[in-house]
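A, B, ... follow the sequence lines: proteins, then strands. Residue 1 opens every chain.
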There are 2 protein chains.
Amino acid sequence: MARRYDHSREEIQQLTLEKVSEILKTESVHSLSLRKIAKVVGYTPATLINIFGNYSGLLLAVNAESLDELHELSITALASEANALKKLHALANVYLSYACEHTHRWQLIFDHRMPEGEEVPHWHQQRIDLMFSLLDGCLQIIAPEKSSSERETATRVLWAGVHGICLLATEDKLFSKAHASGEMLIQSLIDNYLNSWC
Amino acid sequence: MARRYDHSREEIQQLTLEKVSEILKTESVHSLSLRKIAKVVGYTPATLINIFGNYSGLLLAVNAESLDELHELSITALASEANALKKLHALANVYLSYACEHTHRWQLIFDHRMPEGEEVPHWHQQRIDLMFSLLDGCLQIIAPEKSSSERETATRVLWAGVHGICLLATEDKLFSKAHASGEMLIQSLIDNYLNSWC
DNA sequence: TATTTTAATTAAACACTGTTTAATTAAAAT
DNA sequence: ATTTTAATTAAACAGTGTTTAATTAAAATA
């Protein structure tokens, strides 16, 4: 068989992202496969490869959507707080909430590895840089006297800490309810670190 | 063919761990496979499954060895410092050094996931708990007035932070030389966090 | 010592995986 | 109306971890 034209390229792409989203609501990253996705989308694996280049490209497209979601949530969280320190807390809690509520989507972002030899696409790196820049923006208001390299250090320390806490939370390595105690850890990290830093 | 008896069960296990070690010196976690390992060991995949239960069990055995290495390095690092704060720094730097120098082994510890339904073996969890307890021991000396739940929070924050920094370092997300700037981030994290915490 | 039982080892099959190839055919361009 | 282009698929390919059945050497038993 050949050329159906039930959907345009863009429609198949959109349809795929929706179906993967649905799967990730209940199933883990490791139970995902190109063939399984192709089946629920209603096209063959080869068609999805034709559209996304390869399986890695498909997952990357899912992750781009996730990062866009995270970015939008971050923007509204920032707008809802006046104080720069509170903005920073809000940012970290958006990150934790996303990790806890969309655990499999969140894990996919960091579980994904480029195939040997391929570079991370610039549009993907841009999305990550954008998230970092929001953090940096808060620190710029909190400590305007600091140099940009000092701020860069603090940004990375805070991101690493929050990310590590989210890893513990999503992997249920936190005794009590993951989200609640995750929030506590984040509060402790940010308050204590910044209290001394500036 | 059947029953060779070139090696005992223990010898094959030991041989396997050695060969995997060698492979991980140059190749990444994702290029590893049971069949590839079996080939270099000189036995068939089914033999390795007979010994380790399944592929996951084989990787778990590699990780147990890695955690033992990390533990031993930690013990000697602790012994080489008198001051409790310096001990803590030493501990964190052992972790970073191991991540940078044995990157693939280190990544395998955290990339590995139990198969659906199987629980983390207690002997593996014990090894992880042991590492956490070393950290907790330092904090106990640094801040004996704190409650054990307060210390638990600090332990987790510090571990999460150091782990996140190591992730950045091993994935070359750190502009300059990974190890050097990783050390800087860890210093910033520990000094600032503890400076405010106690 | 001869015989039975046990278990180590393997080849082959199984059910998957992502990707490539070649063929089909509908749509677009000429 | 004809040619070109490209969407789509089935099938093949090379790989994965695991299971099964057969072989056979070693250990246990008689």
Mind checking whether [X] and [Y] have side chains closer than 4.5 Å, heavy atoms only?
| X | Y | answer |
| --- | --- | --- |
| A:His124 | A:Leu67 | yes |
| A:Asn195 | A:Ile190 | no |
| B:Leu34 | B:Ile49 | yes |

Without decimals, in angstroms, what is the distance between [X] [atom1] and [N] [atom2]?
| X | N | atom1 | atom2 | answer |
| --- | --- | --- | --- | --- |
| B:Leu32 | C:dT17 | CG | P | 21 Å |
| A:Asp6 | D:dT8 | CG | C1' | 10 Å |
| A:Ile49 | D:dC13 | CD1 | C1' | 13 Å |
| B:Leu59 | D:dT16 | CG | C1' | 13 Å |
| A:Leu48 | C:dT19 | CG | P | 11 Å |
| B:Tyr5 | C:dT9 | OH | P | 9 Å |
| B:His112 | D:dG17 | NE2 | C1' | 13 Å |
| A:Leu34 | D:dA14 | CG | C1' | 16 Å |

TODO: Write out all pairs satisfying side-chain hydrogen bond (donor to acceptor under 3.5 Å, both in side chains) with one or both partners inside residues 83-92 of chain B, taking only residues at least two apart or from two chains.
DONE: B:His89-B:Asp191
Would you indicate which nucleotide in [options] comes nearest to any side-chain atom of [X]?
| X | options | result |
| --- | --- | --- |
| B:Asn54 | D:dA26, D:dT18, D:dA7 | D:dT18 |
| B:Asn50 | D:dT19, C:dA8, D:dA10 | C:dA8 |
| A:Tyr55 | D:dA7, C:dT10, C:dT19 | C:dT19 |
| A:Pro45 | C:dT19, D:dG17, D:dT18 | C:dT19 |

- [ ] Tell me what A:Thr44 touches on the nucleic acid: a base, only sugar-phosphate, or nothing, going by heavy atoms under 4.0 Å.
- [x] base
TODO: Looking at every strand, decide which applies to A:Ile12 at a 4.0 Å heavy-atom threshold: base, sugar-phosphate, or nothing.
DONE: sugar-phosphate
Open item on the list: Measuring centre to centre across the rings, with the benzene-like ring taken for any Trp, is A:Trp159 within less than 6.0 Å of A:His163?
Closed with: yes
Open item on the list: D:dT8, OP1 or OP2 - any side-chain N/O from A:Thr47 closer than 4.0 Å?
Closed with: no
Open item on the list: Please tell me if B:Arg9 has a side-chain N or O lying less than 4.0 Å from either OP1 or OP2 of C:dA8.
Closed with: yes
Task: Under 3.5 Å donor-acceptor pair, A:Arg35 side-chain atoms to C:dG18 base atoms - done: yes
TODO: Identify whether the distance between the nearest side-chain nitrogen and carboxylate oxygen of A:Glu171 and B:Arg113 falls below 4.0 Å.
DONE: yes
Task: Short N-O contact, B:Lys146 and B:Glu152, less than 4.0 angstrom - done: no
Open item on the list: For DNA chain D, please output the secondary structure as dot-bracket, reading 5' to 3'. Pairs are Watson-Crick or G-U wobble, both atom distances under 3.5 Å; mark crossing pairs with [ ], other-strand partners with |, unpaired with a dot.
Closed with: ||||||||||||||||||||||||||||||
